Amino acid sequence: MKTSCKLIMRTSTFSFFLSISLFNCFALSLNSITDKQSLIFFKNSITSDPYAILSTNWSQNTSVCSWIGVSCTLKHGRVTALDLSRYDLAGTVAPHLGNLTFLRYLDISSNSFTGRLPFELSKLRRLKVMNVGANSFTGETPTWLGSLPPLEELYLYNNSFLGTIPESLFNNSKLQILQLYSNKLSGYIPHGIFKGSSLSDIRIRNNSLSGWLPIDMCNNMPNIKFLSLSHNQLEGQIPSNIWKCTHLEVLSLSFNNFSGNIPSEVGRLNMLTELYLGYNSGFQGGVPSEIGNLSRLEMLNIDSASLTRDISFSFSNMSSLTMLSLSDNGLTGSIPTFKNLQELYLYNNKFTGLIPQNIWKCKNLEILNLDHNNLSGNIPHTIGNMSMLRELDLAWNHFTGELPQKIGTLPILERFYVLGNSLYGSIPSSIFNISTLKGLGVTYNEFSGTLPSDLGNSLIDLEELLLDSNRLSGSIPSTIANASKLTLLEMAENSFSGSIPYFGNLKLLQSLLLSENNLSGAEFTTQELTFLSSLTNCRHLKYLAVYNNPLNGILPASLGNFSSSLEMFDVTNSGITSVIPSEL
């Protein structure tokens, strides 16, 4: 009897556990079906699927775990990740996605989703990464985002979210990355954002945020590495305790209304690699000398920030610096020396004296822009050592002497501008053989001599040729029409003579200025100014000036075929002997 009872009890216990196991399997199977149904609802809310990703691959006859963009648990087949970024999908987000309760990773960025984020997504309590960036979502930033405890990364950038940043976001104690840039957010930055001890990456640029940064903003942010608040309406002073953000690598506060001095404490951010403070017109004083201590700094931009004084500190410790831009300020004194720069922008300041010799020896320098200063001296032959130079702009200074022939040996030079100086002599013919050249500007100098007869044959990428206001003479080579990408051709106020060539091949031409020369243009037999007829092929032409030339001819009826974009046509004092054609 006892043996029978024991057997019955064992059988009952086994049946109980078997029932529980079967129930769990049934429940898991039910949940798996729910995951598939939820994704089918999501699929049905898609209005455009140009690559047929969902329409052909998401079939009810196959396992959801085999669908493109879907990942599942190995054991029970629950959906844990949904990655549909960059598929050009359009539509709304179905609230049924909230039923994917095992979801840890959601990425539908770089599509064309519209509408609001549904409240049902607040049920995704296992979600660690949410990326809905680069869509067209609207409405206020959802407050329910703060009810996702495991959330570590949140990307809402490049949408149309409105209103303020909800304080509830910072209930997520594990949040590390917060990217809200390029929306329509307004109001103050919540104080809670500066208490997020886990935050390492905050990007809220390009919104309409206002107010001051708290003076203790870095007291509770030990892990912050990337802080971008540029392109807002923030004001006040940059907190001096910024140095307590000791791990900061990128700091961008440009395009705001910050005022006062740039705090010297910035120089204590030893991990900093990029610093952007430009376009804050309320700054006072100069560049703090402590910035020279940032040995890891690679990029420094403080353009248009009302800075004055000279740059008195040494850049010798900044061996990692590759880009420096301090343009549109009132900086004075001489230009300091540098080591490994690739890009240097100091235009529109009040620098004086010579360009340091070591700059002309920088073999890695790609861009040197010093226009609109008070610099002087010659352009040395050592410029030929700058084999990586792509852009050289020395316009509107007081440089003198001749251009060295070595300029023509720069293999990848794209833009060369020396407008508004006191340079003389001939323009080195080798310049016109640089096949990469896109812009050449020597206006307002004292250059003389003639242009090479094959001008244009090698300049396959030339877009701008600015030769105005010099002492150039001879004929205008007809081969210039081979530079078919020209948009600006300005040769006024020289002593060019001979016939004006046909420019009909320059179909991108927008401006042609040939005034105040000694040019002719009439056909011998008809006296018609046929070069004007060729310009009717230039459908983008806006400005045409040939005044103060002895054209001595008849305006052709073809002027009526000029592009409708033409805004200015000036042939004053050019010996026109006919009436104005009615076609014009």
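What you see is a predicted model; the values in this text were computed from it and never measured.
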Note to self: Side chains of Asp88 and Asp49, heavy atoms from C-beta outward: is any pair under 4.5 Å?
What the structure shows: no

Note to self: Taking Ile383's backbone N and O only, do any of them form a donor-acceptor pair with Asn385's side chain (distance below 3.5 Å, no angle check)?
What the structure shows: no

Note to self: Just so I know, are the side chains of Leu370 and Ile335 near enough to count as touching, which here means a heavy-atom distance under 4.5 Å?
What the structure shows: yes

Margin query: I'd like to know if the side chain of Asn293 and the backbone of Met318 have a donor-acceptor N/O pair within less than 3.5 Å.
Written below: no

Next item on the list: Could you tell me whether Tyr444 atom OH has more than 12 heavy atoms of other residues or ligands within 6.0 Å of it?
Entry: no

Item checked: Intermediate values then yes/no, side-chain contact (heavy atoms from CB on, under 4.5 Å), Asn537 and Asn505 -> CA-CA 7 Å; Asn537 291 328; Asn505 194 44; over 6 Å; no

Note to self: Testing the 3.5 Å rule here: is there a donor-acceptor pair between the side chains of Ser533 and Ser558?
What the structure shows: yes

Next item on the list: Quick one: pull up CG in Asp393 and CG in Asp371 and give me the separation to the nearest 0.5 Å.
Entry: 4.0 Å

Next item on the list: Can you see which heavy atom on Pro581 is nearest to which on Pro556, and at what distance?
Entry: CG-O, 3.6 Å

Margin query: Quick one, Ile204 with Leu209, criterion side-chain contact (heavy atoms from CB on, under 4.5 Å). Give me CA distance, side-chain angles, the key distance, then yes/no.
Written below: CA-CA 9 Å; Ile204 322 181; Leu209 300 171; 3.5 Å; yes

Note to self: Do Leu410 and Phe416 have side chains that approach each other closer than 4.5 Å (heavy atoms only, starting at C-beta)?
What the structure shows: no

Notebook entry, point to check: Is there a side-chain contact between Leu326 and Tyr345 (heavy atoms, below 4.5 Å)?
Noted result: no

Note to self: Tell me whether Asn256 contacts the main-chain N or O of Asn232 through its side chain, where contact means a donor paired with an acceptor under 3.5 Å.
What the structure shows: yes

Next item on the list: Please report the closest heavy-atom contact between Leu269 and Leu294, naming both atoms and the distance.
Entry: O-CD2, 3.2 Å

Notebook entry, point to check: Where the side chain of Ser306 meets the backbone of Ser281, is there a donor-acceptor pair that is under 3.5 Å apart?
Noted result: yes

Item checked: Heavy-atom check, side chain of Thr47 versus side chain of Leu89, under 4.5 Å -> no

Margin query: Would you say the rings of Tyr502 and Phe531 are close, in the sense that their centroids are separated by under 6.0 Å?
Written below: no

Check: Shortest non-hydrogen contact from Val442 to Val418?
Finding: CG1-CG2, 3.8 Å

Next item on the list: Would you confirm whether Thr436, through its side chain, and Leu413, through its main-chain N or O, come within 3.5 Å as a donor-acceptor pair?
Entry: yes

Notebook entry, point to check: Going by heavy atoms in the side chains, are Leu300 and Ile291 under 4.5 Å from each other?
Noted result: yes

Check: Within the side chain of Asn549, is there an N or O that forms a donor-acceptor pair under 3.5 Å with the backbone of Asn518?
Finding: yes

Margin query: Under a 3.5 Å distance rule, please check whether Asn470 uses its side chain to pair with a backbone N or O of Ser448 as donor and acceptor.
Written below: no

Checklist line | Minimum heavy-atom distance Ile576-Leu555, with the two atoms named | finding: CG2-CG, 3.7 Å

Check: So, the side chain of Asn207 versus the backbone of Arg205: is there a donor-acceptor pair under 3.5 Å, distance only?
Finding: yes

Margin query: Between Tyr424 and Phe447, is the ring centroid distance below 6.0 Å?
Written below: no

Margin query: Could you check whether any side-chain heavy atom of Phe226 comes within less than 4.5 Å of a side-chain heavy atom of Glu249, counting everything from C-beta outward?
Written below: no

Next item on the list: Decide yes or no on side-chain hydrogen bond (donor to acceptor under 3.5 Å, both in side chains) for Asn348 and Asp328, but give the supporting numbers first.
Entry: CA-CA 5 Å; Asn348 202 17; Asp328 286 317; 2.6 Å; yes

Margin query: Taking Lys438 first and then Asp461, would you say they form a salt bridge - that is, a charged N and a carboxylate O separated by under 4.0 Å?
Written below: no

Item checked: Val250 and Thr273: CA distance, side-chain angles, deciding distance, side-chain contact (heavy atoms from CB on, under 4.5 Å) verdict -> CA-CA 6 Å; Val250 177; Thr273 60; 4.1 Å; yes

Check: Would you say the ring centroid of Phe338 lies under 6.0 angstrom from that of Phe315?
Finding: yes

Next item on the list: Considering non-hydrogen atoms only, spot the tightest contact between Asn261 and Gln284 and give its length.
Entry: OD1-O, 3.0 Å

Next item on the list: Side-chain contact test, heavy atoms from C-beta onward, threshold under 4.5 Å: evaluate it for Gln342 versus Leu365 and give yes or no.
Entry: no

Check: Considering all heavy atoms of both residues, which atom of Pro452 and which atom of Phe432 are nearest to each other, and what is their separation?
Finding: CG-CD1, 3.6 Å

Check: How far apart are the C-alpha atoms of Ser304 and Tyr279, what are their side-chain angles, what is the distance that settles it, and do they pass the side-chain contact (heavy atoms from CB on, under 4.5 Å) test?
Finding: CA-CA 5 Å; Ser304 192; Tyr279 300 93; 3.5 Å; yes

Note to self: Please determine whether the number of non-hydrogen atoms from other residues, nucleotides or ligands lying under 6.0 Å from atom CZ of Arg309 exceeds 12.
What the structure shows: no

Check: Going by atom types alone, do Asn159 and Asn183 pair a side-chain donor with an acceptor below 3.5 Å?
Finding: no

Margin query: Nearest 0.5 Å, please: how far is OG in Ser565 from NE2 in His540?
Written below: 7.5 Å

Margin query: Looking at Leu346, is its backbone amide N or carbonyl O close enough to the side chain of Asn373 to form a donor-acceptor pair, meaning the two atoms are under 3.5 Å apart?
Written below: yes

Note to self: Between Asn482 and Asn457, does the side-chain hydrogen bond (donor to acceptor under 3.5 Å, both in side chains) criterion hold? Intermediate values first, please.
What the structure shows: CA-CA 6 Å; Asn482 292 330; Asn457 286 347; 2.7 Å; yes

Notebook entry, point to check: What do the steps show when you test Asn548 against Asn573 for side-chain hydrogen bond (donor to acceptor under 3.5 Å, both in side chains), and what is the final call?
Noted result: CA-CA 5 Å; Asn548 287 353; Asn573 193 30; 2.9 Å; yes

Margin query: Closer than 3.5 angstrom, by distance alone: can the side chain of Thr479 be matched with the main-chain N or O of Ser453 as a donor-acceptor pair?
Written below: yes

Notebook entry, point to check: Hey, what do you get for CG (Leu251) to CE (Met271), rounding to the nearest 0.5 Å?
Noted result: 14.5 Å

Note to self: Strictly below 4.0 Å, N to O, side chains only: are Glu463 and Arg415 in salt-bridge contact?
What the structure shows: yes

Margin query: Do Tyr417 and Glu464 pair up side chain to side chain, a donor and an acceptor below 3.5 Å, judged on atom types alone?
Written below: yes

Notebook entry, point to check: Is a side-chain donor-acceptor pair under 3.5 Å present for Thr443 with Glu490?
Noted result: no

Checklist line | Phe161 CZ to Thr138 OG1 distance, which is reported to the nearest 0.5 Å | finding: 8.0 Å

Margin query: Nearest 0.5 angstrom please: Ser327 OG to His372 NE2, how far?
Written below: 12.0 Å

Notebook entry, point to check: How many angstroms lie between CG in Leu551 and CD1 in Ile500, if you round to the nearest 0.5 Å?
Noted result: 5.0 Å

